[in-house]
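By convention in this document, chain letters (A, B, ...) are assigned in the order of the sequence lines, proteins followed by strands, and residues within each chain are numbered from 1.
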There are 2 protein chains.
Amino acid sequence: MKEQNIDIEEYTAIFKALAHPTRLTIAYNLMLKPECNVSKMCECLNIPQPTVSQHLSILKNAKVIVGHRNGNQTCYKVENLKVMRILKQIVSN
Amino acid sequence: MKEQNIDIEEYTAIFKALAHPTRLTIAYNLMLKPECNVSKMCECLNIPQPTVSQHLSILKNAKVIVGHRNGNQTCYKVENLKVMRILKQIVSN
DNA sequence: TGACAATATTCGCATATCGTAATATTCTTA
DNA sequence: TAAGAATATTACGATATGCGAATATTGTCA
């Protein structure tokens with residue numbers, strides 16, 4: 001019998017990162033829009049900046065999002081194709 | 001601006017349930033096969049029965065799987081369409 | 001009913017996660 | 001270089017999660 005080559009560890013890490021309302025909201029919105037910086041997220045979510053940065057850090061470690069600095073601000077976006085496929089599934093159902 | 005009607009809480013619960021290697025493995029395999037009872041899972045996973053039952057309970061509470069008794073054993077399967085769409089995405093990528 | 005198989009639940013403890021607060025770092029610009 | 005804006009990190013107490021061990025429940029069948 002042929003083994004399905006799904007990487008359980010990888011997907012577990014992704015799901016773990018998405019398993020929080022704030023982080024799922026961030027990831028979901030980042031998938032819809034091109035990218036976003038931190039202070040705009042804080043404003044939209046109405047959540048303190050350190051908390052948002054912590055969540056961003058978790059999403060980043062799980063390879064759900066990537067960030068790049070532009071001057072003194074950091075823009076984040078979703079690039080991981082596996083993550084994008086998952087997030088697109090939950091849109092508009 | 002129109003609100004996207006995605007239920008963050010619902011998907012958070014689903015992702016939380018799937019965010020564990022054992023549970024993701026169980027859910028993934030249940031999506032591939034028609035259904036499975038507990039002792040067969042214990043055997044395949046090589047994990048003690050109480051631990052498997054605990055994970056099944058978590059998956060059940062998150063509406064990821066449903067179980068029905070057949071005599072003195074319980075068969076579980078994935079019926080939730082949202083969950084199936086997510087799990088199908090992670091197959092064969 | 002008694003014994004056994006299959007599954008579920010409870011308990012206790014170790015570890016992980018969450019959120020707030022405080023502080024540190026990085027970058028820009030005067 | 002000093003000040004301020006934007007972001008990141010650390011510390012810590014409260015709560016949640018994971019797992020093994022023990023036990024309870026449910027169903028079958030002699």
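A donor and an acceptor atom never sit less than 3.5 Å apart when one is taken from the side chain of Q54(A) and the other from the base of dT7(D). For a distance-only test at 3.5 Å, the side chain of Q49(B) fails to qualify as a donor-acceptor partner of the base of dG20(D).
Using a 4.0 Å heavy-atom distance criterion, Q73(B) is classed as a sugar-phosphate-only contact. Contact annotation for S53(B): base contact, defined as any heavy-atom pair under 4.0 Å involving a base atom.
In this entry the distance linking CD of E43(A) with P of dA6(D) reads 11 Å, nearest Å. Between the CD1 atom of I58(A) and the C1' atom of dA16(C) there is a distance of 11 Å, rounded to whole Å. For the pair I47(B) CD1 and dA8(C) P, the computed distance is 15 Å after rounding to whole Å. M41(B) places its CE atom 14 Å from the P atom of dA6(C), with the value rounded to the nearest Å. Atom CG in L45(B) sits roughly 12 Å away from atom P in dC19(D) (whole-Å rounding). A straight line from CG of N72(A) to C1' of dA6(D) spans 5 Å, rounded to a whole angstrom. Atom C1' of nucleotide dT9(C) and atom CG of L56(B) are separated by 13 Å, given to the nearest angstrom. Distance, N46(A) CG to dG19(C) C1': 15 Å, rounded to whole Å.
Here the CD-NZ distance, from E10(A) to K63(A), works out to 10.0 Å after rounding to the nearest 0.5 Å. Here the CG-CG distance, from L59(A) to L30(A), works out to 8.0 Å after rounding to the nearest 0.5 Å. Remark: I58(B) CD1 to K60(B) NZ distance equals 11.0 Å, nearest 0.5 Å. One finds the OH atom of Y11(B) at 13.5 Å from the OG1 atom of T25(A) (value rounded to the nearest 0.5 Å). Here the CG-OH distance, from L56(A) to Y76(A), works out to 5.0 Å after rounding to the nearest 0.5 Å.
Under the 4.5 Å side-chain contact rule for hydrophobic residues, V38(B) and L45(B) share a cluster.
Note on Y76(B): a side-chain N or O is less than 4.0 Å away from OP1 or OP2 of dA8(C). Between dC19(D) and H55(B), a contact under 4.0 Å exists linking OP1 or OP2 to a side-chain N or O. Residue S57(B) places no side-chain N or O under 4.0 Å from the OP1 or OP2 atom of dA8(C). Within the structure, every side-chain polar atom (N or O) of S39(B) is placed at least 4.0 Å from both OP1 and OP2 of dA5(C).
Side-chain proximity of N37(B) to the nucleotides dA6(C), dC19(D), dT7(C) is greatest for dT7(C). Distance from the side chain of V38(B) is smallest to dT7(C) among dT7(D), dT7(C), dA5(C).
When each of E35(A), M41(A), K40(A) is checked for a side-chain contact (heavy atoms from CB on, under 4.5 Å) with N37(A), only K40(A) meets the rule.
Ring geometry for F15(B) against F15(A) counts as parallel: the plane angle stays under 30°, on a 0 to 90° scale with 60° as the upper cut.
Annotation: side chain of T51(A) is not in contact with side chain of T22(A) (no heavy-atom distance under 4.5 Å). Residues R23(B) and L18(B) are not in side-chain contact: their nearest non-hydrogen atoms beyond the backbone lie 4.5 Å or more apart. Looking at heavy atoms from C-beta onward, K88(A) lies in side-chain contact with M84(A) at the 4.5 angstrom threshold. Using a 4.5 Å cut-off on side-chain heavy atoms (C-beta onward), D7(B) and T12(B) make no contact.
A heavy atom closer than 4.0 Å to some atom of DNA chain D occurs in no member of residues 15-26 of chain A. Residues of residues 64-71 of chain A that place a heavy atom closer than 4.0 Å to DNA chain C, in numerical order, are R69(A), G71(A).
Judged by closest nucleotide on DNA chain C, K40(B) is the one of K40(B) and T51(A) placed further toward the 5' end.
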Worked verdict on L24(B) versus I90(B) for side-chain contact (heavy atoms from CB on, under 4.5 Å): CA-CA 11 Å; L24(B) 181 53; I90(B) 76 178; 4.2 Å; yes
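Comparing the local axis fitted to the first five base pairs of the helix from dT1(C)-dA30(D) to dA30(C)-dT1(D) with the one fitted to its last five gives a bend of 20°, rounded to 10°.
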